[in-house]
Visitor: 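There's a structure below that I have some questions on.
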Number of protein chains: 2
Amino acid sequence: MTSADTLSTIFAALSDPTRRSILGRLATGELGVTELAAPYAMSLPAITKHLKVLEKAGLIRRGRSAQWRPCQLEAKALKPADDWISAYRKHWEETFDRLDEYLLEIQKDAAKGKKHGKGK
Amino acid sequence: MTSADTLSTIFAALSDPTRRSILGRLATGELGVTELAAPYAMSLPAITKHLKVLEKAGLIRRGRSAQWRPCQLEAKALKPADDWISAYRKHWEETFDRLDEYLLEIQKDAAKGKKHGKGK
DNA sequence: CTTTTATTTAACCTTTTGGTTAAATAAAAG
DNA sequence: CTTTTATTTAACCAAAAGGTTAAATAAAAG
């Protein structure tokens, strides 16, 4: 059991387009596995596996209602990922640090007369 | 050339702790490959591979200065990931939406007379 | 030129990932 | 009970990921 750290598990779960799509669909409300699987060109067991990955990452919660196992979005599990990325937000918003500062400087020189715009 | 979509490539790049650590160290400034590799218990070729993954995701940029190939953080490449997650932020901040509200309601009701649910 | 320093490429190996089909299980319905 | 519906598990497979060591390349230094 190679229990990876939380952040790795979350980012890995998000690195698959099918899984991101599933989360997107669940944002509108609960869905069962078969309903969830419908739009994708893959077998049900494949979806079951994706759901397991999402569940292990804490991104969905699963209920039970008769033979259905409805999936529910657990958006707060995204918070660690959001927090991690947040630490870098200033880097692409401000752009002021170290030699970036210098780069911006010569950029401004080149763009004399232009309004202040961040980034590109 | 399996060209995966941008978001998948970014999240996949972030799903490895060594790569996240590398990005963290680069936030302080440029570093060469050998310097970058120093703290990790792995070979230089392994680091080269990680850098390639980061570069393909656009998260770092590489320069050249004599025999050194300095790495620079390209934080703005995180924006698509940040934007994607942002769409879910309200879900964990508000907590009250749609049927979540209802579900929380019946959960409270059920908890009134009931003890703990069955485990696994 | 030869050597040293920095980094990459090649070849290889093991584990994980993402998918498959066939069979198993769970609960409702007939 | 038997069948149907919903979902999972098992067994398998190919490709990708993450690492290794040994050899190759690039540029500076002697």
Side-chain angles (χ1 to χ4, degrees), chain A residues 1-23 25-26 29-57 59-72, chain B residues 1-23 25-26 29-57 59-72 117-120:
Chain A
M1 292 187 176
T2 339
S3 70
D5 60 294
T6 311
L7 226 32
S8 297
T9 306
I10 294 170
F11 281 131
L14 298 180
S15 75
D16 183 277
T18 304
R19 286 194 292 263
R20 287 197 307 277
S21 170
I22 286 174
L23 292 179
R25 318 239 326 281
L26 291 178
E30 277 198 342
L31 285 172
V33 181
T34 310
E35 283 173 289
L36 218 35
Y40 310 107
M42 65 181 73
S43 66
L44 256 133
I47 299 294
T48 297
K49 283 191 182 182
H50 282 307
L51 295 177
K52 235 170 215 170
V53 173
L54 290 171
E55 195 178 16
K56 271 189 185 156
L59 290 161
I60 61 167
R61 204 195 320 167
R62 319 212 45 188
R64 174 166 270 181
S65 156
Q67 66 254 235
W68 289 271
R69 278 160 198 75
C71 300
Q72 212 183 315
Chain B
M1 296 171 187
T2 339
S3 70
D5 60 294
T6 310
L7 226 32
S8 297
T9 305
I10 295 170
F11 281 131
L14 298 181
S15 75
D16 183 276
T18 303
R19 286 194 293 263
R20 287 197 307 279
S21 170
I22 286 173
L23 293 179
R25 318 239 326 278
L26 291 177
E30 278 198 342
L31 285 172
V33 181
T34 311
E35 284 172 287
L36 217 36
Y40 310 107
M42 66 181 72
S43 67
L44 254 132
I47 299 294
T48 297
K49 283 191 183 181
H50 282 306
L51 295 177
K52 234 170 214 170
V53 173
L54 291 170
E55 193 178 17
K56 272 189 184 156
L59 290 162
I60 62 169
R61 204 194 322 166
R62 320 211 44 188
R64 174 166 271 183
S65 156
Q67 67 254 233
W68 289 270
R69 279 157 199 77
C71 300
Q72 211 183 313
K118 49 167 180 158
K120 200 158 149 198

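Note on naming: letters A, B, ... go to the chains in the order of the sequence lines (proteins, then strands), and numbering restarts at 1 for each one. Being a predicted model, the structure only gives us computed values, none of them experimental.
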Visitor: So A/Ala46, base contact, sugar-phosphate only, or nothing? Heavy-atom distance under 4.0 Å.
Guide: base
Visitor: OP1 or OP2 of C/dG19 versus the side-chain N and O atoms of A/His50: is any pair under 4.0 Å?
Guide: yes
Visitor: The side chain of B/Thr34 lies closest to which of these nucleotides: C/dT7, D/dT7, D/dA27?
Guide: C/dT7
Visitor: Taking only side-chain N and O atoms of B/Thr48, does any of them lie within less than 4.0 angstrom of OP1 or OP2 on C/dT9?
Guide: no
Visitor: Nearest to the side chain of B/Lys49, heavy atoms from C-beta on, is which of C/dA11, C/dA6, C/dG18?
Guide: C/dA11
Visitor: For a quick test of reading the model: is some side-chain N or O of A/Arg62 closer than 4.0 Å to OP1 or OP2 of D/dT8?
Guide: yes
Visitor: Would you call A/Arg20-B/Asp5 a salt bridge at under 4.0 Å N-O?
Guide: yes
Visitor: Output yes when at least one side-chain N/O atom of B/Arg64 is less than 4.0 Å from OP1 or OP2 of D/dA27, else no.
Guide: yes
Visitor: Would you please enumerate the stems DNA chain C participates in, each stem being three or more consecutive Watson-Crick or G-U wobble pairs with both distances under 3.5 Å?
Guide: C:1-30 with D:1-30
Visitor: OP1 or OP2 of C/dT9 less than 4.0 angstrom from a side-chain nitrogen or oxygen of B/Lys52, does that happen here?
Guide: yes
Visitor: Would you indicate which nucleotide in C/dA6, D/dT8, C/dT20 comes nearest to any side-chain atom of A/Met42?
Guide: C/dT20
Visitor: Counting only side-chain nitrogens and oxygens, does A/Ser43 get under 4.0 Å of the OP1 or OP2 atom of C/dT20?
Guide: yes
